[in-house]
Amino acid sequence: MAYDLTEEQIMLKDTIARIAKEQIAPGAEKRDEEAKFPWDMVDILRENALFGADFPEEYGGSAMGMLSLCLIVEEVAKACAATSVILMVHELGTMPLFLASSPEQKQKYLPKLASGEHLVAFALTEPNAGSDVSGLRTKAVRDGADWVLNGAKIFISHGDAADVIVIAARTDTSLPGHKGTSLFIAEKGTPGLSIGKHENKLGIRGSSTVEIIIEDVKVPAENIIGQEGGGFPIIMKTLDFTRIPVAAQAVGIGQGALDYAVQYTKERTQFGKPIFSFQGLQWMMADMDTQVEAARQLTYKTAAVFEQLPKNLDRLPKEAIRFSAMAKLFAAETAMKVTTDAVQLLGGYGYVKEYPVERMMRDAKITQIYEGTSQIQKMVIASTL
Ligand code: COS
């Protein structure tokens, strides 16, 4: 399959790179330090109509597809990984709706999500259900025309900023977790839905990560997504799709660190020469460049494969699942290695907050963890062999 960028995609990438350089990069250090949800960045993404990049036109999106979304995420992440999380969480929270919601649910929720007027969160993880999603304890019990949800979620990105929250809960505890799980839409302000602990994180500190407490939260019966008990395959398929923007984020973080290191080593003089002239450092940067480019090509190829696939409940081809996990694994590992090497290239300056590479190194770490750890990606890849 060909995945060369079209003229439009090259222009899109250049435009986002310019916006990121002028409007997103300047506050990245402050956002990292303050660790507050960046509403000013939401405004920039709204003004540039980026929330609806991968939404169908009939719901107000621009239907640019997964590859274009990845180009956007990559360029934003190059400047500020925390800001790119806003677009990634948007894709994560809306994917179950694309895959399995009713026409009425789509009509009700997607237009305001496409414009970015509403934000969304995906409430999946629990203290006992991280890598093992089948261990969910949050329960939903039918009560007349409603479902009543009880439980707690942790590590939920932007749960405090979201207007719409997609919640995974067990609707039949007599069955193994992956059979009795369902997904529900809950709206901000629903009685019983509250925000608990805010995590104080190592990286992507400008994004918020919260606990969500669910106490007798009533949602109307029509807010279930797909069939009762049919949530697990929707969750798995959602992650198959959304691991690709995570890979794009990792590529952006790696490229941002490499660009900074190249520029720095050309300016920094030691032993009477720019340190870029030393072959030992050139070889490091040649390796970094090769790794980032390889991660980028795997990510673009995967995005191009996925954009041909219909968003419905059918199981994805094995090959697509394999590519998604490989892209996420390889790009995340690359981002961690390349950012660590960038800190090394800057030496003492790399270790202090006045220079951005230590932030990039801290930001890179999460790409090896969220939406499935690197070890889980290896399990997924191995399961397709
Ligand atoms: N798409 C659709 N359905 C899938 C699927 C996929 N990619 N992968 C598995 N399933 C289905 C299986 O077909 C099976 O259904 P049936 O029993 O009807 O056949 C069911 O899901 C269970 O499959 P399996 O036994 O393989 O699941 P496991 O519980 O062993 O879990 C892993 C598999 C580890 C791959 C899965 O739990 C996973 O991805 N974990 C990581 C979760 C994660 O990313 N967490 C971070 C969340 S951040 S939002």
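Since we're looking at a predicted model, the values are computed, not measured. Note that ligands are numbered from 1 as they come in the structure, with each ligand's atoms numbered from 1 the same way.
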Checklist entry - Do protein heavy atoms approach atom 30 (O) of ligand 1 to less than 4.0 Å? => result no
Item to check | atom 48 (S) of ligand 1 - nearest protein heavy atom and its distance | outcome: Glu371 N, 3.5 Å
Item to check | Closest approach of any protein heavy atom to atom 7 (N) of ligand 1, naming residue and atom | outcome: Asp240 OD2, 2.7 Å
Checklist entry - Between Ile321 and ligand 1, which residue portion shows a heavy-atom distance shorter than 4.0 Å: side chain, backbone, both, or neither? => result side chain
Checklist entry - Identify the closest protein heavy atom to atom 20 (C) of ligand 1: which residue and atom is it, and at what distance? => result His178 CD2, 3.4 Å
Item to check | Protein residue, atom and distance nearest to atom 27 (O) of ligand 1, heavy-atom basis | outcome: Phe232 CE2, 4.2 Å
Item to check | Distance filter under 4.0 Å to Lys179 heavy atoms, resulting ligand 1 atoms | outcome: 16 (P), 17 (O), 18 (O)
Checklist entry - Do Tyr300 and Tyr3 have ring centres separated by under 6.0 Å? => result no
Next on the checklist: Please tell me if atom 25 (O) of ligand 1 is touched by the protein, where touching means a protein heavy-atom distance below 4.0 Å.
Outcome noted: no
Checklist entry - What protein heavy atom sits nearest atom 35 (C) of ligand 1, and how far off is it? => result Val380 CG2, 3.7 Å
Checklist entry - How about Tyr109 and Tyr59: are their ring centroids closer than 6.0 Å? => result no
Item to check | Any protein heavy atom nearer than 4.0 Å to atom 45 (N) of ligand 1 | outcome: yes
Checklist outcome for this item: The protein heavy atom nearest to atom 42 (C) of ligand 1 is Val133 CG2, 3.3 Å
Item to check | Of the listed options Met379, Lys237, Met236, closest to atom 38 (C) of ligand 1 (non-hydrogen atoms) | outcome: Met236
Checklist outcome for this item: Quick note on ligand 1: atoms under 4.0 Å from a heavy atom of Ile376 include exactly 34 (C), 39 (O), 40 (N), 41 (C)
Next on the checklist: For the backbone of Glu371 and the side chain of Arg243, can you confirm whether one donor and one acceptor N or O come within less than 3.5 Å of each other?
Outcome noted: yes
Checklist entry - Looking only at protein heavy atoms, which one is nearest to atom 2 (C) of ligand 1, and how far off is it? => result Arg315 CD, 3.4 Å
Checklist entry - In the protein, what heavy atom is nearest to atom 41 (C) of ligand 1, and what distance, to one decimal place, separates them? => result Ser131 O, 3.3 Å
Checklist entry - What part of Arg243 sits under 4.0 Å from ligand 1 if we count only heavy atoms: the side chain, the backbone, both or neither? => result side chain
